[in-house]
Asks: 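Can you read through this structure? Questions will come right after.
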Amino acid sequence: VFNAKKAILESKIKNFKSLPKLSNIVKSESSSILIYDEKLEKVDRRFSKWTNQFDLAIKVRAGEKLKSLAMIEKVSRMALKSSQNWSRKHTCVYVAGGGSVGDFGGFFASIFLRGVALVHIPTTWLAAIDSAHGGKTGLNVLGLKNQLGTFHSAQEVWIVESFFQNQSLERFEDCLGEVAKMSLLDRSIWSHLKTRLTPSDLIRVLPRLIKAKYKVVTQDPFETEGLRIFLNLGHSLGHLLESHYKMGHGRAVRLGLFFSLWLSRKKGILSNQNHAKLTSKMESIFGFQAAELKAFRPPQRQKMNQIILRDKKMSSQTQLQFVGLKGAGEPILLRISVAEFLDLTEEYWRSL
Ligand SMILES: NC(=O)c1ccc[n+]([C@@H]2O[C@H](COP(=O)([O-])OP(=O)(O)OC[C@H]3O[C@@H](n4cnc5c(N)ncnc54)[C@H](O)[C@@H]3O)[C@@H](O)[C@H]2O)c1
Ligand SMILES: [Zn+2]
């Protein structure tokens, strides 16, 4: 079985020229549960037949509603009815879908029979680049995202060709915020990208992006060492926009990235010249426009304050951990007060 995680970590591949086919993918453990996005049956007509190899295949609907305790209970009941003499050691949960199915299925695998092996089969760009790697799982409670969760890394990650051919342009564009973030965090990716990124280019750079994420998460698997915080580049303003305007995550992050660069220049850690270079490359490679934010009015200060305090990047009651950049591949942690962050956000908005 082709395991992208292993191949990438062992540096066996630098570029995917193409991706493996669904028929190459077979389960290895004796007792197996597949949790999959119902949409995949339409994406690849061989998918339904492929699911027959699993002892139990559970179809779910993707989206934030899936990431709930009620759905965990439902799936647990289905699984326990089929798994009466299964041993924990020889059971594996396979999860095929985008980030929502991955977060849900990963959570389930981490608690089923006190935790069983997990294989991720990411089927969206975002899941392949980001959510299938790093072991974070998450459920939503009280309308708040990812408030319950565990760390449970997939032992294998399979990336399959057919899922990436038919994704809409919108989904491709949505993942570019995270692609730009990883590129800004990793100088070798940043300098590798030279022309406007297309979906087929993205297949080729996928291993580099995945490797860059593992470089961070393997040093800080449980978010205790303070390194994983760098993956939040662009996310302070990003989460604010996502939460206040119900903007897609990718779009929110890309606007947040421009703000991180602006704030880094303002704080004197990024030179004017580098700021100009980085922002113009974001425009030419990814087609982003910082001025897109002008279409929105800054939320009221009290509202912004509320959202920021709920975000998980506070280092104390009043201090915020903000990821700035000294240059491509050189993130730096800035501690700024919430009041200053709000002042700077308003100033940035006016400067556009
Ligand atoms: N655990 C992590 O580290 C991490 C990181 C980033 C994001 N996330 C989570 O990921 C989720 C977002 O991920 P997402 O954008 O993949 O969302 P998603 O799972 O909701 O998928 C988005 C849409 O694409 C469809 N889809 C899935 N595969 C497809 C395919 N091959 N072709 C066509 N359509 C397909 C889905 O049915 C759905 O409608 C959020 O819940 C977020 O919190 C988790
Ligand atoms: Zn993100």
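As the structure is a computational prediction, the values presented were derived from the model and not from experiment. Side-chain atoms are counted along with the backbone in the values below, which use heavy atoms only and exclude waters and symmetry mates.
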Asks: So, taking the atom named CD1 in Ile121 and the one named CH2 in Trp50, what distance separates them when rounded to the nearest 0.5 Å?
Replies: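 If I round to the nearest 0.5 Å, the distance is 3.5 Å.
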Asks: Return yes if a side-chain donor-acceptor contact under 3.5 Å exists between Glu178 and His235, otherwise no.
Replies: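 Checked: Glu178/His235 side chains pair up, N/O donor to acceptor below 3.5 Å.
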Asks: Classify the ring geometry of Phe259 against Tyr348: parallel below 30°, tilted from 30° to 60°, perpendicular beyond 60°.
Replies: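 It falls in the tilted class, 30° to 60°.
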Asks: Going through the distances and angles, do Thr150 and Thr137 end up as a side chain to side chain donor-acceptor pair (under 3.5 Å)?
Replies: CA-CA 5 Å; Thr150 49; Thr137 77; 2.7 Å; yes
Asks: Carefully, step by step, assess Val179 and Ile189 under the rule side-chain contact (heavy atoms from CB on, under 4.5 Å).
Replies: CA-CA 10 Å; Val179 175; Ile189 303 177; over 6 Å; no
Asks: Can you tell me how far apart CG (Leu257) and CG (Leu233) are? Round to the nearest 0.5 Å.
Replies: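 Here the rounded value is 5.0 Å.
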Asks: Do you know the tightest heavy-atom contact between Leu325 and Ser264?
Replies: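 Reported closest heavy-atom pair: N-OG, 3.0 Å.
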Asks: If the plane angle is over 60° it's perpendicular, under 30° parallel, otherwise tilted; pick one for Phe172 and Trp125.
Replies: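 Phe172 vs Trp125 ring planes: perpendicular.
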Asks: Would you say Asp220's side chain and Leu227's backbone share a donor-acceptor pair under 3.5 angstrom?
Replies: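 At least one qualifying donor-acceptor pair exists.
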Asks: Is the backbone N or O of Glu41 less than 3.5 Å from a side-chain atom of Lys59, with the two atoms forming a donor-acceptor pair by type?
Replies: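 Looks like no, no N/O pair under 3.5 Å.
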Asks: Any side-chain heavy atom of Arg301 sitting closer than 4.5 Å to one from Asp343?
Replies: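 Yes - at least one pair of side-chain heavy atoms lies under 4.5 Å apart.
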Asks: I'd like to know if the side chain of Lys213 and the backbone of Asp130 have a donor-acceptor N/O pair within less than 3.5 Å.
Replies: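 At least one qualifying donor-acceptor pair exists.
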Asks: Any donor and acceptor pair, going by atom type alone, linking the side chain of Lys5 with main-chain N or O of Ala154 inside 3.5 Å?
Replies: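 Yes, Lys5 side chain to Ala154 backbone: donor-acceptor pair under 3.5 Å.
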Asks: State, with a plain yes or no, whether a side-chain heavy atom of Leu237 is found less than 4.5 Å away from one of Leu263.
Replies: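 Leu237 vs Leu263: side chains apart.
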Asks: Using a 6.0 Å cut-off, check whether atom CZ of Arg61 has over 12 heavy atoms from anything other than its own residue.
Replies: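 At most 12 heavy atoms, drawn from other residues, nucleotides or ligands, come within 6.0 Å of this atom.
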Asks: Taking NZ, NE, NH1 and NH2 as the nitrogens, is one of them in Arg254 or Asp174 under 4.0 Å from a carboxylate oxygen of the other?
Replies: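 Judged by the 4.0 Å cut-off on N to carboxylate O distance, Arg254 and Asp174 do not form a salt bridge.
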Asks: Any donor-acceptor pair under 3.5 Å linking the side chain of Arg88 with the backbone of Gly115?
Replies: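 Yes; judged by distance alone, with no hydrogens or angles, the pair exists.
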Asks: Give me the atom names and distance for the closest heavy-atom approach of Trp86 to Asp55.
Replies: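 Heavy atoms only, the tightest pair is CZ2-CB, 3.7 Å.
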Asks: Asn274 and Lys326: side-chain donor and acceptor closer than 3.5 Å?
Replies: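 Their side chains do not contain a donor-acceptor pair, so the 3.5 Å distance test is not met.
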Asks: As an exercise, state the distance from CG of Leu176 to CZ of Phe286, rounded to the nearest 0.5 Å.
Replies: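 So the CG of Leu176 and the CZ of Phe286 are separated by 6.5 Å.
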Asks: Verify the cluster assignment for Phe54 and Leu118: are they in a single hydrophobic cluster under the rule of side-chain heavy atoms below 4.5 Å apart?
Replies: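 Shared cluster, no.
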Asks: Should Leu293 and Phe258 count as side-chain neighbours, where that means a heavy-atom distance under 4.5 Å?
Replies: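 The answer is no, as the side chains (C-beta and beyond) never meet within the 4.5 Å cut-off.
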Asks: If you measure from CD on Gln155 to NE2 on His120, what distance do you get to the nearest 0.5 Å?
Replies: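 Between atom CD of Gln155 and atom NE2 of His120 there are 11.5 Å.
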Asks: Report the distance from atom OG of Ser280 to atom CE of Met282, rounding to the nearest 0.5 Å.
Replies: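 Here the interatomic distance stands at 10.0 Å.
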Asks: Using 0.5 Å steps for rounding, measure from the CG atom of Asn146 to the NZ atom of Lys136.
Replies: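 Reported to 0.5 Å precision, the distance equals 8.5 Å.
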Asks: Which atom pair, heavy atoms only, marks the closest approach of Leu255 to Gln289?
Replies: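 Reported closest heavy-atom pair: CD2-O, 3.9 Å.
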Asks: Specify the closest pair of heavy atoms between Cys175 and Ile129, including all atoms of both residues, with the distance to one decimal.
Replies: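 So the two residues come closest at SG-CD1, 3.9 Å.
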Asks: Got a salt bridge between Glu330 and Arg187, using NZ or NE/NH1/NH2 to carboxylate O under 4.0 Å?
Replies: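 Salt bridge between Glu330 and Arg187, a charged N being under 4.0 Å from a carboxylate O: yes.
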Asks: When Ile, Leu, Val, Met, Phe, Trp and Tyr are grouped by side-chain heavy atoms lying under 4.5 Å apart, directly or through other members, which residues fall in the same group as Phe151?
Replies: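 Joined to Phe151, directly or through intermediates: Phe222.
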Asks: Are the charged groups of Glu347 and Arg350 less than 4.0 angstrom apart, N to O?
Replies: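 Answer for the salt bridge query: no.
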Asks: Are Phe107 and Val217 linked, directly or through intermediate hydrophobic residues, by side-chain heavy-atom contacts shorter than 4.5 Å (ILVMFWY only)?
Replies: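 No; Phe107 is not reachable from Val217 via cluster members.
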Asks: Between His244 and His239, is there a donor-acceptor pair closer than 3.5 Å when you use the side chain of the first and the backbone of the second?
Replies: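 It does not hold such a pair.
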Asks: Are Val101 and Leu22 joined in one hydrophobic group, where the rule is that I, L, V, M, F, W and Y side chains link up if heavy atoms are under 4.5 Å apart?
Replies: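 Different hydrophobic clusters.
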Asks: Going by distance alone, is a donor N or O of one side chain under 3.5 Å from an acceptor N or O of the other, for Ser100 and Asp103?
Replies: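 No, Asp103 and Ser100 have no side-chain donor paired with an acceptor closer than 3.5 Å.
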Asks: Determine, for Arg208 against Asp186, whether the closest basic-nitrogen to carboxylate-oxygen distance falls under 4.0 angstrom.
Replies: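 Not counted as a salt bridge, because no side-chain N and carboxylate O are separated by less than 4.0 Å.
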